Structures are given as C-alpha cells and as structure tokens.
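Accompanying notes for the structure given below.
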Amino acid sequence: MLGNDYQLSQQVTYRGMIWLLAAQLVVMLPFAFYLPIWLIPVMLASAYWRIRVLKGDSAQPKLVVRLLVIALGIAGVLLSGMTLLSLDTMVSMLLLGFAFKSLEAISQRDALVVVFIGFFLVAISFLFSQSIPAGAYGVFSMIVLTGALIANQQSPAQQMSQYSTRSSLKMASVMLLQCVPLMVLVFIFMPRFSPLWSIPAFESHAKTGITDSMAPGDIANLSKSDELAFRASFKGRLPKADELYWRGLVLNNFDGKNWQQLPEEYDTSELKSQLQNNMAWNDANVDVQGEPFEYEVIYEKTGQPWLFTLTPTTKVDGKTIRFGDYRVMSRGDIQSPLMVNAVSYPDAKRDLELSDYARSLALQLPARGDEKTRELAKSLRKNSTNDSEYVEKILNRFTEQSYFYSLRPPLLGDQNTIDKFLFESKKGFCSHYSGSFVFMMRAAGIPARIVVGYLGGEWNENGDYMAIRQYDAHAWAEVWLEGEGWKRVDPTSRVAPSRVEGGLEAAVEYEGSFLEGNPFSAHNFKWLDGIREKMDSIQYGWRRWILGYDSESQTNLLKSILDKMSSVPLAALIGALFLGIFLLWFVMLGLFRRQTYEAYEHQLYRKFCKRMEKLGVLREPQQTPYEFALIASEKLPAKAVAIRDFSSLYQQMCYVPNGAADRAKPHQKMRKLLRELS
C-alpha cells in the first residue's frame, strides 16, 4: 500500500494536502468548546492559502509574511484573557502552531510533523474531557490522522485511485485495531507511577457547582441546572431520604447579605491552612454510634476542591483532607473525575465540647441591621425554657405562618435581608430559610452555622447507584446544643416536606418552576427516563471501571490475582499473553502473506476481460491488450467501438501516463464504457 518511491523531501500532493486539512480540522474541533474558537478559522485560512499555492493561484508566503502572521496569532492568544503560564494558553499556542503549519506544509517531512503534532493534541484533548463521547471522538481522530499518514506516503497513482480514501481509512482502522490487545494489557498491568511534575491549572473553564459563599437566591440559580454533580453507590443498607444530606461547605460569617466560610476570604490553599491550624480533624470529637454507611462516590470535574459526603465521615481514602467542621476536601482542585471511598456514622454525636474558636465563629453577627429579627429572637428565647424549645418555636413559626418554598423568590436588596424575608416576602428557597434560622439562633446566643451541599439524589436501578445533580443543591443549618453537640436542622423541611421525601421537582410542582430555564433537559420528557437512566449507567461504568482504574485499583486487582496464583504461573500467563499478541500482529501485518497493490486501471481491465468472457470472448494469457481488442471487436461488431475505446484508454494509462492529476477522467470514461458493454 505504501509507495516504494516515498521520500521525506518529496512534495505534498494536492490530495495529500486535503488529507492533512481534514485531519487538522478533526483534531481541532473539540478544543472549540474550551479554547478561543477563532483558532479554527485561522487553520482553515492557512490551509486555503496553501491549497491555492498548490493550484498555482497564489505564491508561497515569504518569511516576513509568515513571521507577521505568527506575531498576530500570538497577540490574539495573549489578548484572549488567559493567564500567560496556564494550561489553556500553552495548548492554544500549540494549536496556533498546528494551524499555521499548513502554510509551510511543502514536503512529506512537513506532513509527518503535522500528523505527529495531531497525535499529541488528541492526547491533550483528554485533559479537557474524559467522557465516552470524547473517547469515541478521540478514536475517530486517530483513524483520520493515521489515514492522512498513510495517504501522504502513497504514490500519486495510488492516491488517485477511486478507492484510495476508503482503503486508507480501512488500513488505519486495522492498524489501530491491532493495537487494542497490547493497549489492554498495558492498561491493566503497567505500573502507575506518580507524575514527575504537575500541569498548570485550567484558566478558561468556569468553575461549576457550589461556590464558597452564599447570598439569597444563589442556590436557587444553581438548581436550574440538571448537570451531574456526582454518583454514589452503597455497600450494605441504603440511607433513607432524610439521611441523604451530602455535606460540602460550612458557612460561618455573615455580613448582612452574604454568607461565607470565614471572616476573611482566602484562596483554596490559604483556606486549607486556616482550617488545619484552627479546626483540624480530631477523632476524639466524634462519639461513634449506630450503623455506618459505607459508600463510593465518583465526583465530576468541577475545578474546585469541595467533596460531598454524609456527616460525619469517619474514614475516607484518596488524596483528601478532613477538617474539624466535618467537611471533606480534595487536596487539589478536581480537574478530572475523582473516586473516593468513605464511611459515615449518621447517628454519631459531634463536638460535645465546643472550642472557643468554633464558638466565636458560630455566634458571629454584624454589629447592626435586621433589628426586627433580633428583637423577635430575644423575645422567643426569653419565653423558652431551654435552647431546644427555642429551636422548635422557630421551626413552628415557619410552619404556622404563611411561608412558601419557591424557586422564584423576590429580590431582597442589600440591607436588612433577613427582616425583609421573615416579615415581608415570606417566600424563598433553602438559602433564605437556613440563613434566617441561623441568624435567629445566633441572635439568641445559640451557636449555629449553615451547611451547603446536596440533598437526596435519583436512584438508578440499572447501575445500582445514586445520581446527584446540581438541582439537588441544598442549604441547611446546624445548631450546637449542650450535651448533644452539633445537630442538623433543616427549616426548609418544615415549609416543604416534599423537598426531602420527593426532591426538588415535587417541592416546586405547584409553581411549575422545575428546570424552567432548561426546557430541553431530558428530565422534562418523562418518556425518556428509561433511556436516560440506561445511558447514565453506561457512563457510570466508564467512570467506575476505566477512569477510576488508578494505582490503588491496580494494586487490589494484582493482589487478588496473586492470592489465587503463584508468581511463576502468573509470569507465564502474562508472557503467553504478550506472545499471543505478537503472533497475532505477525498474521495481521501480512508477514506470512504479502499483499500487493493493484492499480485501479488494472482492476477495471480485469472486469473488462470477465465481461468479454461472458459474451463468449476468452482472452488468452499470451495476448496483449491490443491483440485481444482486435479479436473481441471482430467477434462482437456491435460493441467494437466501445471495446477499442476501452482498450485504448487502458493502454494509455499503462504506457503513456499523464500524471496523477489526469488519471481521474480516464478512469471515469473506462467505467462508463464498461457499463455500455454490459
């Protein structure tokens, strides 16, 4: 299939350039979702210029022109708002060079550079997405790139064959298929070492999911999205609906409108340092009681470090950190799906003794503002015999008065937001209820805080796991009581009990606001539920068994194998597998049977001879095409003109070649004459 006269200095043909253009376009398309989209038109413009040069319509750009174009491209990348040393900037620069390579893709050496950079970019694309569609598209890109590599190593005659494109893609597919057995073995058994360096963080990707602060209406906006947050599978008993509170962040500081984690804003690393210094995890603060939940969670990429677990999480694996406020965080931002195993005891008592630092955080209030709420809190606490009775009075107030749960809460402005909600609008989402409840606790001198995370989830029968989506985002409260420690209190459940039992859709059914900003969501089409769940379970399997196959999973697998098999049989088995793969390669590569390439005109002439044989004229081996045409014309006078024309074209293609650019038309005429002879 490969041309014997192939040389690196040989010029790229027109057909070869089309292959390179197609490969570049296929490779660059996925990056349009994450990086500046103008890079694709730049590539197309560069390729168009090069094609005009091949046709003789334009001159090859001079060095000054190329340097100017490169300078403009670099300026465009730098002006796109990306940080200079970020991964996005580096990939954009590589894509820019990949696009501009079309301007100087003159020799076969240049074609090889384009193809090899394309292979590298396919690998880089998986830094942005590792989903099943991304994987399938990556395989397609590899096939097109390999097809371009094959096509550019063919002779001009092979390139102009009618079946050239199909044969190149077929050979590329076979070559990649041959790699699958070795790929599987390497994937399973190759040791997974820790990286020697880390890549720069993503800059252009918007952080998704719950943020590190909360204002009235924030979570309501998040609940309009049906994007997946994480999936969880349980070992043993399943939690009840009112036990599925997935803890993420703890918000302690209130400035009159917004809630945030600590009195000062910190970046992720500083926040971890502050929590580690002042609220480090201590096993002694947890009085373990009741039955545990053992579960496995696979988090989607968010660009943030927040992990969501059931409270309190007494055991968690992986690169995670637990803190004294019972949150769990990843050591780095989640830039790819992350799998974590955890154990939680929902009935455990926490912090029977409250530290001075935690108490000061849990009692903080602005110096002034929301005076009506402060007076109400003092009055109700004065008429309560203890803190527990006061908590119940506040919750009963939400139940007895006309409060409503809504995804369409009115705006409360920037001042006295608690007063406006409790005494005027009385209509809000979970952030309104949890925020006002914590405010009233603190106004009465009772330590309290807001917890932000997710509530509930959708059980998938096909995969035996729970899918938690962004619309499951929720905020609730924790109050510290003497002798009981931290207790979860969800004031939203008093206003909308269906939010706990039936999820957000059931809670807002009366106002029809569920996913109202996302009308094309599959969740709005109930007849698609079965298909949606099946597809989601397939994606879960991909996340669990492919993307989740890390060094720990590999160690467990090898350990289970070694427990059943000694080292000698295991080594023999692995050796036999590799030997079998190499033998399969020898067969598929044709080392036992070499296949030769047949030019398209020869294929057409063989069809011509078979057609003549059906009409009663058999060609003898010693006859030349000219002699056979004379005999066939005499025996078939009605078809003599077509016979002579076909033979003349065939001899012209064999003995008087006019170059690759002129071979398509003779092939077309020969096919037409064959149809006339039928």
Side-chain angles (χ1 to χ4, degrees), residues 207-225 227 229-230 232 243-255 257-263 265-266 268 271-272 275 279 297 299-300 302-313 321-330 333-334 344 350 358 361-362 364 405 407 409 417-418 421 428-439 441-442 447-457 468-479 486-493 496 499-500 503-504 507:
K207 295 182 183 294
T208 59
I210 291 173
T211 60
D212 58 356
S213 63
M214 184 186 77
D218 282 355
I219 296 182
N221 294 329
L222 185 62
S223 296
K224 296 175 183 178
S225 169
E227 290 185 7
F230 57 92
E243 294 176 314
L244 287 169
Y245 282 83
W246 301 95
R247 185 190 201 91
L249 287 77
V250 178
L251 306 182
N252 292 288
N253 191 264
F254 183 57
D255 64 4
K257 179 182 179 182
N258 299 313
W259 290 87
Q260 63 184 37
Q261 300 183 78
L262 296 175
E265 292 188 14
Y266 300 101
T268 301
L271 174 67
K272 292 176 183 176
L275 292 174
M279 302 185 71
V297 187
Y299 300 95
E300 293 296 298
T302 61
Q304 302 189 99
W306 324 126
L307 300 180
F308 302 90
T309 59
L310 303 178
T311 303
T313 303
I321 312 174
R322 289 179 295 166
F323 294 104
D325 58 359
Y326 303 99
R327 76 173 78 195
V328 181
M329 293 176 65
S330 171
D333 291 345
I334 304 174
S344 299
R350 297 170 286 139
L361 288 179
Q364 177 273 334
Y405 182 75
L407 283 175
T417 55
I418 304 295
F421 168 67
F429 197 57
C430 59
S431 55
H432 296 79
Y433 290 100
S434 59
S436 60
F437 176 84
V438 169
F439 188 97
M441 291 297 107
R442 294 182 176 187
R449 59 194 182 190
I450 292 177
V451 181
V452 179
Y454 295 88
L455 171 60
I468 294 86
R469 302 186 179 276
Q470 297 299 348
Y471 58 68
D472 293 314
H474 192 60
W476 60 95
E478 282 187 339
V479 59
W486 288 109
K487 304 290 291 184
R488 183 183 68 233
V489 180
D490 188 0
T492 304
S493 65
R499 173 64 183 92
V500 178
L504 179 65

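Since we're looking at a predicted model, the values are computed, not measured.
Side-chain contact check for Ile468 versus Val297: every heavy-atom pair is 4.5 Å or farther apart. Residues Tyr405 and Thr492 meet the side-chain proximity criterion, which asks for heavy atoms closer than 4.5 Å. Considering only heavy atoms from C-beta on, Arg350 comes within 4.5 Å of Thr311 through its side chain. Between Trp259 and Val452, the closest side-chain pair of non-hydrogen atoms is not below 4.5 Å. In this structure the side chain of Tyr433 reaches within 4.5 angstrom of the side chain of Phe421, judged on heavy atoms. Taking the side chain as every heavy atom from C-beta outward, His432 and Pro409 approach each other to under 4.5 Å. The side-chain heavy atoms of Trp306 and Tyr299, taken from C-beta on, include no pair separated by under 4.5 Å. The shortest side-chain heavy-atom distance between Glu478 and Val250 does not fall under the 4.5 Å cut-off.
For the residue pair Arg247 and Val451, the shortest heavy atom distance occurs at CG-CG1, 3.6 Å.
Scanning for side-chain contact (heavy atoms from CB on, under 4.5 Å) contacts around Lys272 gives Thr268, Pro305, Ile321, Phe323, Met329, with sequence neighbours left out.
Ring centers of Trp246 and Phe230: under 6.0 Å apart, within the cut-off.
Atom OH in Tyr454 sits 3.5 Å away from atom CD in Gln470 (nearest 0.5 Å). The CG atom of Asp325 sits 9.0 Å away from atom CG of Leu361, with the distance rounded to the nearest 0.5 Å. The CD atom of Gln304 lies 8.5 Å from the CD1 atom of Ile334; values are rounded to the nearest 0.5 Å. Interatomic distance, Asn253 CG to Ile450 CD1, rounded to the nearest 0.5 Å: 11.0 Å. Between Arg449 atom CZ and Leu249 atom CG the span is 12.0 Å, to the nearest 0.5 Å. Within the model, atoms CD of Gln364 and CG of Asn252 stand 8.5 Å from one another, a figure rounded to the nearest 0.5 Å.
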Step by step, would you call Ser493 with Val500 a side chain to side chain contact (heavy atoms under 4.5 Å, CB included)? CA-CA 6 Å; Ser493 65; Val500 178; 3.7 Å; yes
List the steps and the verdict of side chain to side chain contact (heavy atoms under 4.5 Å, CB included) for Ser434 and Met214. CA-CA 11 Å; Ser434 59; Met214 184 186 77; 4.2 Å; yes
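The side-chain tip of Arg488 points at the ring of Tyr245 from less than 6.0 angstrom away and within 45° of straight on.
The aromatic rings of Phe254 and Phe439 sit perpendicular to each other, their planes meeting at more than 60°, with 30° as the lower class boundary.
Within the 3.5 Å criterion, the main-chain N or O of Ala448 finds a donor-acceptor partner in the side chain of Arg442. The main-chain N or O of Thr313 is found under 3.5 Å from a side-chain atom of Arg322 such that the two form a donor-acceptor pair.
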